[in-house]
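Report on the following structure.
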There are 2 protein chains.
Amino acid sequence: MATMVDVASLAGVSTSTVSHVLNETRHVEPETKERVMSAVKATGYRRDVLARSMRRARTDSIGLVVSDAGEPAFADMVHGVEEAAAHNGLSLLLANSAEDPARERAAVEALLDRRVDGLILARVAGSTAGLLERIRKEKKPLVLLDRLADLGGDQGQVDQVGVNNQAAMAALVDHLTSQGHERILLVSGDLRVSSLRERYDGFRAAMLTKGMAVPPELLCEGTVTAAATFDRVRPLLATASGRPTAILACSTLLAAGALRAVQHEGLRVPGSMAFATFDGFTYSDLFQPQITTVRQPAFQLGESAVSLLLQRLENPAAPATILRLESRIEFRRSTSNSSTD
Amino acid sequence: MATMVDVASLAGVSTSTVSHVLNETRHVEPETKERVMSAVKATGYRRDVLARSMRRARTDSIGLVVSDAGEPAFADMVHGVEEAAAHNGLSLLLANSAEDPARERAAVEALLDRRVDGLILARVAGSTAGLLERIRKEKKPLVLLDRLADLGGDQGQVDQVGVNNQAAMAALVDHLTSQGHERILLVSGDLRVSSLRERYDGFRAAMLTKGMAVPPELLCEGTVTAAATFDRVRPLLATASGRPTAILACSTLLAAGALRAVQHEGLRVPGSMAFATFDGFTYSDLFQPQITTVRQPAFQLGESAVSLLLQRLENPAAPATILRLESRIEFRRSTSNSSTD
DNA sequence: CTGAAAGCGCTTACAG
DNA sequence: CTGAAAGCGCTTACAG
């Protein structure tokens, strides 16, 4: 591999000049510049980013840690981040934490080791409290994505971008109650995940506003896998008496478990059970049942996270920004009374 | 940030000794070692991996570029790679190429710049011939994942891991013909993608073996998006005369386009059209129609790719390994004659 | 307009 | 058993 010294000697200049030409960081005579550039070409020189990073403050790279890049919503967020990063000349280091706090921690440490200029995190459910502290100590710009932090006032705020879960939930409850549903089973998952907590709180608030009861047996929370959700939901559907008339799942995973329970009990959607979910399934237009779904603007969430990070890099002292984008509800037959199936 | 010099002076030793203690690369008196370790703790010292990498041959990191980490099959491969990498103390730099050759090229360059110890690539359809050459020139270990290379003999071989597409296709054709299907529409996509090419070739070979005709109008190839596939497939289903009785899609994306065409024409699966696909949809057990699917052992593909890479790092001169794992076929109602729907 | 030289934080022969 | 010093490949004051 050719080094800068090779280029300099071939061009008959100093390495300072080569560096300045490459970085356009001070004026160089056109003719000299020319010589340098052709020496670069002749030697096939490529700047060593490791050495470069060691001298500079920046690495022009950012890190993204998501709990599972394979989940549809996260996949789109990743795309958004990639697009925006590439657009801004940043390279992206991506890591999955697989919903495992230890993996998440390890991923963050690896990214810090590589001196990323900033971090974007969609944290896992059991994310340790120390993680944000660790990043703050390193003085690394940080943006929280989708799963936000509920920080106390004096801990300092963090830039965050998520969706307006309350509003989406209110609209969904509106829709379901307008169809005459009074007994709605909420499958809300792990409430340590802020987005799930917000949906849970949003549901209760919306029901309260409507003057409707929310009996505890219709709040199914705490399950983390589809299988566990199946086990929890199934008994709730077993007997016709007291059975909910609608199920509302707060994530794709939860929807999968709940739907499996519905089918296991021989109930048809929407014939004998209405069903709606957040996030939902890919290619769902092709399959039955057609499920009413709250779609996040996932791609834009990713893009916005990068924007916030860039702003933060520009202006480290600015107050934190908290962005809430609006979701879109796709109404389908699974919550429609007029349907025959 | 504390540096090695800080640690050394606090412990009253040289930086050599600190380095050797940290790397366990030469014997150090237990008592000295102790002093160094407590100085490390006291200063909160963390080794600078950039500086370290600059002096060493290795960065203990590998790069993975996939065409879309959000597609189910690729998502599982990514998980396999991550798991195996973590297990071997390697950190993983992941990049999506979004089926765009330019993005792929940029991703590879970024990874080379970061001096990954090796690369794993699931290449895009239009991947430039120069890409492999570029990596070879850099003398970087490389493993091809899922989408293999059809290299000429004297270009030198590359380590690769994929599935046995021929065998899976033969079994599928066996299954369909045994159900009485003679007119099978093959939706094969972009034949520059080696796995799709293999499925295409496998189909023709299997049909030939059965002594069955493969009329050109039942070979739908070259489409890259679901929308384009829809447009190509729809007219083939428009009139009952000459309509295929079964459709075989070679990827999730192609299946989506074809299925949309089937539904647009008002045909029911499997009532009026049998349907099978490679890769398939997630959570497909929950939805109708239930589609016969060839599942790749995607996670294991990812793991195997890392194994091959590690072997290559150990032994750069060894002949290339080409690994073929077996897929599993999930037979479902979409290809079952006895079903009423 | 350009160059000589220090320095980023490590690793590793070389020497004792 | 340990240390002084060179060097990895850059960037950047400093000097002219």
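Letters A, B, ... are given to chains in the order of the sequence lines, protein chains preceding strands, and every chain is numbered from 1.
- With sequence neighbours left out, the side chain to side chain donor-acceptor pair (under 3.5 Å) criterion links Ser61(A) to Thr59(A).
- Residue Thr32(A) has a polar side-chain atom (N or O) positioned under 4.0 Å from OP1 or OP2 of dT2(C).
- Glu109(A) has its side chain within reach of Leu112(A): a pair of non-hydrogen atoms, C-beta onward, lies under 4.5 Å apart.
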Given pairs defined as Watson-Crick or G-U wobble with both distances under 3.5 Å, what dot-bracket annotation applies to DNA chain D, with ( ) intrastrand, [ ] crossing, | other strand and . unpaired?
|||.||||||||.|||
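- Contacts of Val5(A) with the nucleic acid, taken as non-hydrogen atoms under 4.0 Å apart, are absent.
- Counting to the nearest Å, the C1' atom of dC10(D) and the CE atom of Met54(A) are 8 Å from each other.
- A donor and an acceptor atom, one from each side chain of Ser127(A) and Arg147(A), are nowhere located under 3.5 Å apart.
- Taking atom CG of Asp113(A) as the reference point, atom C1' of dC10(C) lies 14 Å away to the nearest angstrom.
- You'll find the side chain of Ile322(A) reaches within 4.5 Å of the side chain of Gln157(A), heavy atoms only.
- The CD atom of Glu31(B) sits 12 Å away from the C1' atom of dC1(D) (whole-angstrom rounding).
- When heavy atoms are screened at a 4.0 angstrom cut-off, Val49(A) is found touching no nucleic acid atom at all.
- For the side chain to side chain donor-acceptor pair (under 3.5 Å) test, no residue two or more places apart in sequence or in another chain qualifies with Asp100(B).
- Between the P atom of dC10(D) and the CZ atom of Arg46(A) lies a distance of 11 Å, rounded to the nearest Å.
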For residues 34-45 of chain B, tabulate all N or O donor-acceptor pairs below 3.5 Å that involve a side-chain atom, not counting sequence neighbours.
| residue | atom | partner | partner atom | Å |
| --- | --- | --- | --- | --- |
| Arg35(B) | NE | Ala11(B) | O | 3.0 |
| Arg35(B) | NH2 | Ala11(B) | O | 3.3 |
| Ser38(B) | OG | Glu34(B) | O | 3.2 |
| Ser38(B) | OG | Arg35(B) | O | 3.1 |
| Thr43(B) | OG1 | Ala39(B) | O | 2.8 |
| Thr43(B) | OG1 | Val40(B) | O | 3.2 |
| Thr43(B) | OG1 | Tyr45(B) | N | 3.4 |

Strictly under 3.5 Å: I want the nitrogen or oxygen pairs between protein and nucleotides 11-15 of chain C, one per line.
| residue | atom | partner | partner atom | Å |
| --- | --- | --- | --- | --- |
| dT11(C) | OP1 | Asn23(B) | ND2 | 3.3 |
| dT11(C) | OP1 | Arg52(B) | NH1 | 2.6 |
| dT11(C) | OP2 | Ser19(B) | OG | 2.7 |
| dT11(C) | O2 | Arg55(B) | NE | 3.4 |
| dT11(C) | O2 | Arg55(B) | NH2 | 2.8 |
| dT12(C) | O4 | Ser16(B) | OG | 3.3 |

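- Remark: Gln296(B) pairs with Asp279(B) by the side chain to side chain donor-acceptor pair (under 3.5 Å) rule, at least two apart or across chains.
- Regarding His27(A), its NE2 atom lies at a distance of 7 Å from the P atom of dT2(C), rounded to whole Å.
- Inspection of the Arg56(A) and Asn23(A) side chains reveals no N or O donor paired with an N or O acceptor under 3.5 Å.
- With distances taken from any side-chain atom of Ser14(A) to the nucleotides dT2(D), dG3(C), dG9(C), the minimum falls on dG3(C).
- Residues Glu99(B) and Asp68(B) form no side-chain contact, since every pair of their non-hydrogen atoms from C-beta on lies 4.5 Å or further apart.
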